[in-house]
Amino acid sequence: MIWSIIIGLVVGLLARAIKPGADSMGWILTIILGMVGGAVGNFIANALGIYTNGGIGGLLISVIGAIIVLFVYELIAGRTRH
């Protein structure tokens with residue numbers, strides 16, 4: 001469980017660093033972003049038939065999933081602000 005939180009934090013931080021724009025989220029949301037991004041990335045990789053169980057490939061897929069989640073988060077948050 002603690003390992004998942006640490007990896008979620010790393011993935012969330014990498015996704016926020018790669019994707020341009022100001023994301024106003026705290027540590028908890030960054031961890032959740034990383035964990036959800038990992039699940040989304042794993043789902044996409046499995047749908048495409050790509051095996052990424054751990055390692056650099058898994059991290060890369062997780063970051064890509066987290067970036068997708070960030071874009072969706074911005075769409076939802078942008079609509080509720082207006």
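As the structure is a prediction and not an experimental result, all values here were calculated from the model.
- Note: Ile56 CD1 to Ile61 CD1 = 12.5 Å, rounded to the nearest 0.5 Å.
- Residues Ile28 and Ile6 do not share a hydrophobic cluster, defined by chaining ILVMFWY side chains whose heavy atoms lie under 4.5 Å apart.
- Residues that satisfy the side chain to side chain contact (heavy atoms under 4.5 Å, CB included) test with Ile18, not counting sequence neighbours, are Val63, Ile67.
- Taking all atoms of both residues into account, the shortest heavy-atom contact from Glu74 to Lys19 is OE2-NZ, 2.6 Å.
- Minimum interatomic distance between Val11 and Ala66 (heavy atoms only, all atoms of both residues): CG1-CB, 3.9 Å.
- Applying the side chain to side chain contact (heavy atoms under 4.5 Å, CB included) test to Leu48 and every residue at least two apart in sequence or in another chain returns Ile44, Ile50.
- Residues Leu29 and Ile68 share a single hydrophobic cluster, defined by chaining ILVMFWY side chains whose heavy atoms lie under 4.5 Å apart.
- In the hydrophobic cluster analysis, where Ile, Leu, Val, Met, Phe, Trp and Tyr join through side-chain heavy atoms closer than 4.5 angstrom, Val40 is grouped together with Met25.
- Grouped by direct or indirect side-chain proximity (heavy atoms under 4.5 Å, Ile/Leu/Val/Met/Phe/Trp/Tyr only), Trp27 sits with Ile5, Leu9, Leu13, Ile31, Met35.
- Distance check, rounded to the nearest 0.5 Å: CZ of Arg16 to CG of Leu70 gives 7.5 Å.
- Linking Ile, Leu, Val, Met, Phe, Trp and Tyr residues whenever their side-chain heavy atoms come within less than 4.5 Å leaves Val72 and Leu14 in two separate clusters.
- Contact detail for Gly38 and Ser62: the closest heavy-atom pair is CA-OG, 3.5 Å.
- We find the OH-CG distance between Tyr73 and Leu33 to be 9.5 Å, quoted to the nearest 0.5 Å.
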